[in-house]
Amino acid sequence: MTDSNKDIVIIIGKLVLISVIASALLAVTFVPTNEQLKKNYAEARTSTLAEVMPSAAEFEAIYGDTVINDEGDKEILYYRAKDGSGNLVGYAFFRKQVGAQGLIEVAGGVDSSFNAITGIGIMAHTETPGLGSKIADDPFKSQFTNVKVADLSLSKSGGAIDSITGATISSQAVIDALNEQVGDIKVAEA
Amino acid sequence: MTFTISAPPHKKENITFKKIMWAKVLALMPVVLLSVYLFGLPAIGLVAASIFAAIATEAAIQKAFGQKITIADGHAVLIGLMVAMIIPPEVPLWIPMIGTVFAVGIGKHAFGGIGSYIFNPVLAAWIFLSLAWGSIMAPASYPQTSVLFELVLENGAGVMAGVSPFFILLAGAVLIFRRYIEWRIPVAFFVTTVLLAFLLGDSLSYVVLGVVVFGVLFIATDTSTSPTTKNGRVIYGIVCGVLVVVYGHFANYVDGTFYGLFLANCVASLIDNNTLPASYGTETFLQRKYRSIVSKMPFKDRLEVFLDD
Amino acid sequence: MSLTTLIIQAMATLGGLGLVIGIMLIAASRMFKVETNPLVEEVVEILPGANCGACGYAGCADFAEKVVAEDAPLDGCPVGGFDTAKAIGAIIGQEVSESEKEYPYVRCGGGIRCVDRFDYVGIEDCTAVIMLSDGEKGCNYGCMGRGTCVRACPFGAISIDENRLPSVNKNLCTSCGLCLAACPNDILMFAKDSERVHVQCNSHDKGKAVKAVCEVGCIGCKICEKNCPEDAIKVTNFLAEIDQDKCTACGICVEKCPQNCIEMR
Amino acid sequence: MTNVYVMEKIPEKIIIPLKQHDGCLCTPLVSKGDMVAMGQKIGECECYDSASIHSSVCGEVISIEEAANPNGTKVNSVIIQPTEDVECVDFTPVKDVSASKLVDVIKDAGIVEHYGTPTHKVLKPEGKQIDTVLINATSSEWIGGHYDTSAQYAFQMIGALKLLMKAAGASKGAVVLRNDDLESISAFDHLRVDGKLLTVAPLMGKRKLSYYFKDQGSDIIVVSQERIYGQKILDLLTYNLTGRRVSFCCDPTDVGVAICGVKSAKALYDAVHEGRPYIETVVSVSGKVNSPKKILVKIGTPFKDVIDACGGYMGDTGKLIANGAVTGVAQYTDDVPVTKMTTSITVLSADEVIRDVSIDCTHCARCVDVCPVDLIPSRITAFADQGRFDECRQMNILNCVECGRCSAVCPSKIHLLQLIRYAKNSIENAYEDLSSKESPANLKLGCGCSGGN
Amino acid sequence: MVADASLFQIFMDGVFIKNFLIIQFLGLCSFVGVTKDTKSAAGMSGAVIFVMTLAATVSFLIYNFVLVPLKLEFLDLISFIVVIAALVQLVEFVVRKNVPSLYRSLGIYLPLITTNCAVLGVVLLNVLNEYSFIQSVVFGASAGLGYALVMLMMSGIRERTTLVNVPSSMRGLPHAFLIATMLSMAFVNYFGVIPL
Amino acid sequence: MDPLSEFIRGITKDNPIFGLVLGLCPTLAVTTSIDNAIGMSAGTAFVLICSNLMVSGLRKQIPAAVRLPIFILIIATFVSIVKMVMEAYFPSMFAALGVFIPLIVVNCIIIGRAEAYANKNNMFYSLIDALGSSAGFLLVLVLIGGIRELLGTGGIAIFGTQLLSIPINPITFMILSPGAFLTIGILMAIVNHIRAKKLARGG
Ligand SMILES: Cc1cc2nc3c(=O)[nH]c(=O)nc-3n(C[C@H](O)[C@H](O)[C@H](O)COP(=O)(O)O)c2cc1C
Ligand SMILES: Cc1cc2nc3c(=O)[nH]c(=O)nc-3n(C[C@H](O)[C@H](O)[C@H](O)COP(=O)(O)O)c2cc1C
Ligand SMILES: Cc1cc2nc3c(=O)[nH]c(=O)nc-3n(C[C@H](O)[C@H](O)[C@H](O)COP(=O)(O)O)c2cc1C
Ligand SMILES: Cc1cc2nc3c(=O)[nH]c(=O)nc-3n(C[C@H](O)[C@H](O)[C@H](O)CO)c2cc1C
Ligand code: SF4
Ligand code: SF4
Ligand code: SF4
Ligand code: SF4
Ligand code: FES
């Protein structure tokens, strides 16, 4: 082996070595953070569910047919909310909807007779900070508490929800998400 | 006897920047009067506040940076007036004032003052205001021209610039006739818009609206923000036309005009740099290409068309 | 999946990637080796290599090329800063000289004290005035104060003062000499800070002619020459000149000059 | 025919610059105290690019010193105090008009084009061959001489053209008139030359002279075209008339075209037929003088005396301009003499002087619209102002004919033409010391001649 | 912006609505560095369009066919950056070898792209938005076009501003940012105007 | 070299934003609020410190031929770590900073400091340099974020605590992208102005 070829091997060796160390480090970080991530996700979902449906004590997941991961878990369509004594008090759900900038993940609850929304939450969104991002703020969210499903539209089209100034699209998206999902559940439960 | 020495020419046309500015101000007066008739006192307040803020900003900036104070040249007044004309008259007075402070301070002086700005300060101010306080800036009504008389006095206009397409056109025509503004840009613009609106099957609402006419005659022709070459100005007019139609097709009338023109401002320099004319005897791009091909041919096969002797 | 498998898979993937890329880069750099100016290479080595484009050129290599070709300033790389500039200088042989800095000195004291022959309207530029009619000052040698030098200075070091004469801000001046080259009347001259006594005039006109147009011009009366204890002043062709090597800055000439045109800085 | 007055009063002193052309300075042949006769040669130079200088009066040389010249510089001049009695050297018509002799006659008679080049150099440039001679009569300022009738004018011009062609060895010649100069057009129309009837052909569209030579079947033609203003119109004129493009660093003679003025044509005519050297010329005096007129004066007469002969200044004088208010040179003193290059004197009153302060260019493009050679004056001057002369060149600054229209229409009152001249001057200087690396203009382009285009 | 977005939407997104330079602030270093004249801006833009499209393609393949099957999604960032760096190098070598004329006009801009966050941005956004293969490629190309559009506008403007006078303290970057402010104002509105 | 002045240099003369003009993208993109500014600077600081230390420590080992790929590898590793940690433990901040956390990889500050400084100096000074640059970056980001948040929303809140609120109609413009350009443009003009003044005075 010539000198320069030896150099090459050393260089490549170092490169590979660093790659290997890097990937090991990453993998080591990945495992606990991924756990935490899943925990966060689950926590966020449970706490949001409790928030949108304060009267419920327990949520029963309704699964769809689609398998979403290798563990064979099925997709969750929505939840049946039950009070302490196991009576059905309503339905809670998560839904992704296209907003002005990207996907908005809305959480919501509706009473068992599909009359009124019990509350909503925003899980994730990428709307413009200061404009559409206000959908995640209380003044907007609180408008939905106990609003009639029939009134679930923007005030300028005769509904009960005041849109966020400068963010009609985002506001409409939240409303659409609720309306559509409530409709879907209605069909599924019927 | 002390004579004066200067380079030729020793006789010049009696035209100054100041004159052009004041002429534009004067030309807009009929429209302002009409809007006072339509909108009442708020219109006067708006114009006054706007012009006052423009002059004050200009004076303050020039004083602060030790420049010569050039309020008398009428540019600040014109900016103030034009800003006032494109915002809804019912806004609180601080809106036009902040708008003109932005126009004069950022739009004009931060770029270097007269002749150095690349984006029309009036447009910049309007967009700033719309982005900052959009709901306040939305006009209360939109024109729906149905009878011919409304071209003279448009009842549905939401902003002062929209009250009378006819009078603005007249003002523009006078200024063009006096050579105070460019004719190529408006002509190219109107031809393009009419053609495109026709092709898209839209009504002529893009062209006969006061705001559009105002935008083209008074904003698109702003000399600092439009190309200087002859062909460049025609192309610029066409670009303005296309953009105004594209925006106008999707958005409301005010947004369509102003965003279209503003985007045209962005490409004006590019147009200008790429339409430099060939001076006499020098070759245009095509001629040069032709020659470079010809020069590779054997001499006897050449067909010389450029020199006739 | 267990942690170990994960780690091993990760290591294998990235290690493989590293291997492929390492081999590829080495192979490619061998295969496509192009001849380059070794100086450029050396400069590239010194440069930060951020390829950020902050210098205004397309990356460090481009900048290096331009520096070596002397199209770009040594200190053009804002990332590297002064040290890099010095290092580049060392490579391409442009030593930062340690000698005393020189600044332009204005060899004219006339300004508003020198009469104007006519009234000029036009661009503010000395050369332009000269093109029209040999300059507006009564004195053919005088500074016209229209600031060609001001415009020539890329560092904004010169300004025209209240006497309509240029004044140089030494903090900003980099001794580039562009102003000297630009002045159509050769008014400016480099002088070291330690050279303290200067004749503030450039006129070779006869005394009478000078007196007729300028309050402070050198009339060639030789009083300074006679009074200088060091023999440092010579009047040639109606203009006093100071031999800076001999001058001890005693200030006698400054005092004696009837026209007050010798200045002590 | 425009009336030309002859200046009768002999001025107190006559200032004859020893250089009234572009080229070498002549050495004086007289010294202080000498008496000179009218027509006597007083300055000469061996150099090919110079023309002899003659005394236009009879008198005593009182000094030889630097004196102000209407082109703005100071030039070594012979100052003569005229005497009452007029003594004249013998003027003998030239018999031998062979081509080679003619050139010497022209040089000896000191004939110079109004734009500065000695006429013999235009006709017989070293190392170049002229095939077409043009007499440019498109400016009214260049009447040049005193004629009794317009027919005489036309006749003399054609005669001069033939002489010029002969001197140059050119086969073709043309007189170029101005479209709206109907008087001259009618004078030339139906003139018989060598048995052929001349018609004045207006230049149309893209047709060039070669077409008209063929069309009229004649080597001598008269055409008319629009007036082109400007100091440096030679190249444009050549291009317009012949379609030949003059590269940078070159002049029309490089493409075989010699352009002469009416003045030099008349001077040549006189030199051959009467033997008179170039010692008097017609200048038109206009503006704020009491009786503006065209006046025949001796070369060397100070402006002051010319103006006195026109009734003196009217009111407060602000500007004194040689060679026209559009492209002329402003004078700082009226002690400058009329030279061979002087065509007119304009006086402006103090309140006619333009003192507007320039503001920044507003890119209004009015200058672009008026430029006769399709330049972008606003851009060129912005480059010029920043010393970016190389870019000025790329923007074809050298095509500028210096007509000044851009300056005239600029609402920002920018001194466009001055900036353009400034840049052109810098470009020329940069070429002079091309070798020196310090050239601030940092020009990178070569001369247009060698490279061609 | 979402998995079912039409190609037209993605295109408008890339060119205007989410313009990388002036709306998303990606690739600003070259935006202020290489826009002093139109020629280099055009060269840089050409190189970026090419590399962005290629990077979008290659990274899609790596992500979906190597990382996802192996559950190594957490290695996305590190493998993308390494791949981009290698890609840029490779492109440079290939172009230099086979199309020397193109290399001369474009090659010097290639190294700049490695550290251009716009390229990495495209790749990461593709993953984030869960674009399909075609969508990824279209997004890569249109982001490149949007980049080119703004680079050309900016260089045109900056060429012109050398002719005018800019206040001394504004010269250089502040002025460039001011121009960027205005360009951004012109583009930001596409949010409101073009209904998607 | 004096550690303190090396540190100060990172904040003043060699300030990443105003001095070296590096890493503009994150500066403009994440400064819609002070929270984001702090989060971004923290992430950048972590990566900068780690990579500077690592590069400096390994500088004798790194072969020149693959210097850049190795730097990128090192940096990308740390960035990935930051990303994962932030996503897991500070989810709200991660949501706000979005794509800009992974983009720290190409932040010119980091690779610039690695090349210009860490590759030539020992670990201690590299640490100081990283700290200085990080501090400079943080200060500028907080300044810009503060201005934009104050004007754009009418108040300043840090991690949920309202610190300041002003009675204006919020200027939405300021938190949109043009507002970012405008703010940094004006700040840079002020910095330029002060620098020029200082230079003329002989500073
Ligand atoms: C409506 C109107 C208002 C004007 N106001 C002013 C003014 O306030 N100040 C001013 O200097 N010129 C003003 N002018 C312009 C002058 O009437 C005149 O055109 C100008 O002062 C002449 O400029 P000059 O003095 O430079 O020749 C105004 C013109 C109009 C039409
Ligand atoms: C960037 C931007 C910001 C805006 N901000 C506001 C705002 O803060 N308040 C408001 O009432 N309208 C605002 N608007 C105006 C509305 O968008 C506009 O009135 C629109 O036509 C109707 O939208 P809206 O019903 O959501 O107000 C904004 C518009 C834009 C483009
Ligand atoms: C449709 C059309 C409209 C025109 N309108 C005007 C006009 O309003 N004012 C004007 O001066 N010239 C106008 N012109 C052009 C003139 O007749 C003439 O061509 C022009 O003034 C020459 O200008 P230039 O020297 O800038 O080329 C118009 C030309 C066309 C084709
Ligand atoms: C910069 C900008 C950002 C915007 N962001 C949003 C947003 O996040 N959500 C929304 O519904 N509309 C948004 N819009 C749209 C706009 O404000 C307006 O509400 C709709 O166009 C019509 O209601 C935005 C517009 C602009 C110009
Ligand atoms: S020193 Fe020279 S260049 Fe400067 S103002 Fe005086 S004459 Fe002009
Ligand atoms: S031009 Fe150069 S030498 Fe003259 S003052 Fe400026 S920096 Fe100093
Ligand atoms: S640039 Fe001006 S002076 Fe020159 S030809 Fe054009 S209009 Fe005439
Ligand atoms: S006429 Fe004057 S202001 Fe108008 S473009 Fe030309 S130079 Fe500029
Ligand atoms: S930080 Fe984005 S390109 Fe440099």
Side-chain angles (χ1 to χ4, degrees), chain B residues 1-21 68 70 73 75 112-118 179-185 221-230 232-233 268-269 272-273 275-283 288 291 306-309, chain D residues 208-211 231 235-236 239-240 242-246 317-321 325-334 346 348 352-356 359-366 368-369 373-376 378-379 395-396 399 402 404-405 407-413 415 417-418 421 453:
Chain B
M1 197 168 349
T2 335
F3 293 126
T4 300
I5 290 254
S6 65
H10 303 287
K11 285 191 172 149
K12 296 184 177 179
E13 260 179 46
N14 185 15
I15 171 109
T16 58
F17 180 70
K18 186 173 173 180
K19 244 187 184 159
I20 297 178
M21 287 303 120
K68 199 171 147 240
T70 59
D73 70 10
H75 193 235
I114 283 170
S116 298
Y117 55 84
I118 308 128
R179 289 248 171 193
Y180 283 3
I181 60 181
E182 238 300 300
W183 61 267
R184 285 181 181 81
I185 295 172
T221 55
D222 181 8
T223 56
S224 284
T225 62
S226 55
T228 50
T229 59
K230 290 182 189 174
R233 275 172 274 159
S269 308
D272 199 19
N273 292 340
T275 49
L276 299 176
S279 184
Y280 85 89
T282 57
E283 293 165 320
R288 220 170 26 243
R291 201 173 268 282
F306 289 119
L307 293 181
D308 65 351
D309 64 336
Chain D
K208 304 293 181 198
L209 279 188
S210 53
Y211 171 84
Q231 281 259 295
D235 298 358
L236 179 64
Y239 181 74
N240 273 1
T242 64
R244 302 180 199 177
R245 161 136 176 77
V246 182
T317 306
K319 244 187 201 178
L320 181 64
I321 304 159
V326 177
T327 58
V329 183
Q331 306 297 321
Y332 59 86
T333 163
D334 52 9
T346 312
L348 297 186
E352 279 174 324
V353 174
I354 302 162
R355 302 185 171 280
D356 294 306
I359 59 173
D360 289 337
C361 167
T362 58
H363 308 276
C364 69
R366 292 168 77 96
V368 179
D369 288 343
V373 287
D374 288 336
L375 302 178
I376 311 287
S378 56
R379 206 172 248 259
M395 301 282 304
N396 301 318
N399 281 352
E402 305 194 3
R405 285 191 220 178
S407 297
V409 299
C410 177
S412 295
K413 301 295 169 194
H415 305 280
L417 179 51
Q418 193 180 11
R421 287 188 166 177
N453 55 351

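These numbers come from the heavy atoms of this one structure, side chains and all, not from hydrogens, waters or symmetry mates.
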Top of [options] for chain D proximity - count of heavy-atom pairs under 4.5 angstrom:
options	value
B:G115, B:P8, B:P227, B:S226	B:P8
B:G112, B:S116, B:G113, B:S224	B:S224
B:I15, B:T70, B:T225, B:T221	B:I15
B:K12, B:E13, B:H10, B:K68	B:H10

Using heavy-atom distances under 4.5 Å, tell me whether [X] contacts chain B through its side chain, its backbone, both, or neither.
X	answer
D:T346	neither
D:V353	side chain
D:E402	neither

Exercise. Would you mind checking which part of B:I5 comes under 4.5 Å of any heavy atom in chain D, side chain (CB onward), backbone (N, CA, C, O), both or neither?
Key: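 For B:I5, the contact with chain D is made by backbone and side chain together.
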Quiz item: Between B:I114 and B:D73, does a side chain to side chain contact (heavy atoms under 4.5 Å, CB included) hold up when you go through it step by step?
Solution: CA-CA 10 Å; B:I114 283 170; B:D73 70 10; 3.2 Å; yes
Quiz item: Would a distance-only check, ignoring hydrogens and angles, find a side-chain to backbone donor-acceptor pair under 3.5 Å from D:T242 to D:R244?
Solution: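 Yes, D:T242 side chain to D:R244 backbone: donor-acceptor pair under 3.5 Å.
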Residue, of [options], that accumulates the most heavy atom pairs under 4.5 Å with chain B:
options	result
D:G328, D:P411, D:C364, D:A330	D:P411
D:R405, D:R355, D:R366	D:R366
D:V326, D:L320, D:L209	D:V326
D:K413, D:M395, D:R379, D:E352	D:R379

Can you tell me how far the [atom1] atom of [X] sits from the [atom2] atom of [Y], to the nearest 0.5 Å?
X	Y	atom1	atom2	answer
B:F17	B:T223	CZ	OG1	6.5 Å
D:I376	B:D272	CD1	CG	7.0 Å
D:C410	D:H415	SG	NE2	9.5 Å

Self-check item: Ring-face cation contact, D:Y239 with D:K208, 6.0 Å cut, 45° max
Solution: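 Yes, a cation-pi geometry holds between D:K208 and D:Y239.
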Quiz item: Do B:K230 and B:T275 get their side chains close enough for a donor-acceptor pair, meaning under 3.5 Å?
Solution: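 The criterion, which ignores hydrogens and geometry beyond distance, is not satisfied for B:T275 and B:K230.
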Quiz item: Heavy-atom count around B:K11 NZ within 6.0 Å, excluding the residue itself: above 12?
Solution: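 Atom NZ in B:K11 is not packed in, count stays at 12 or less.
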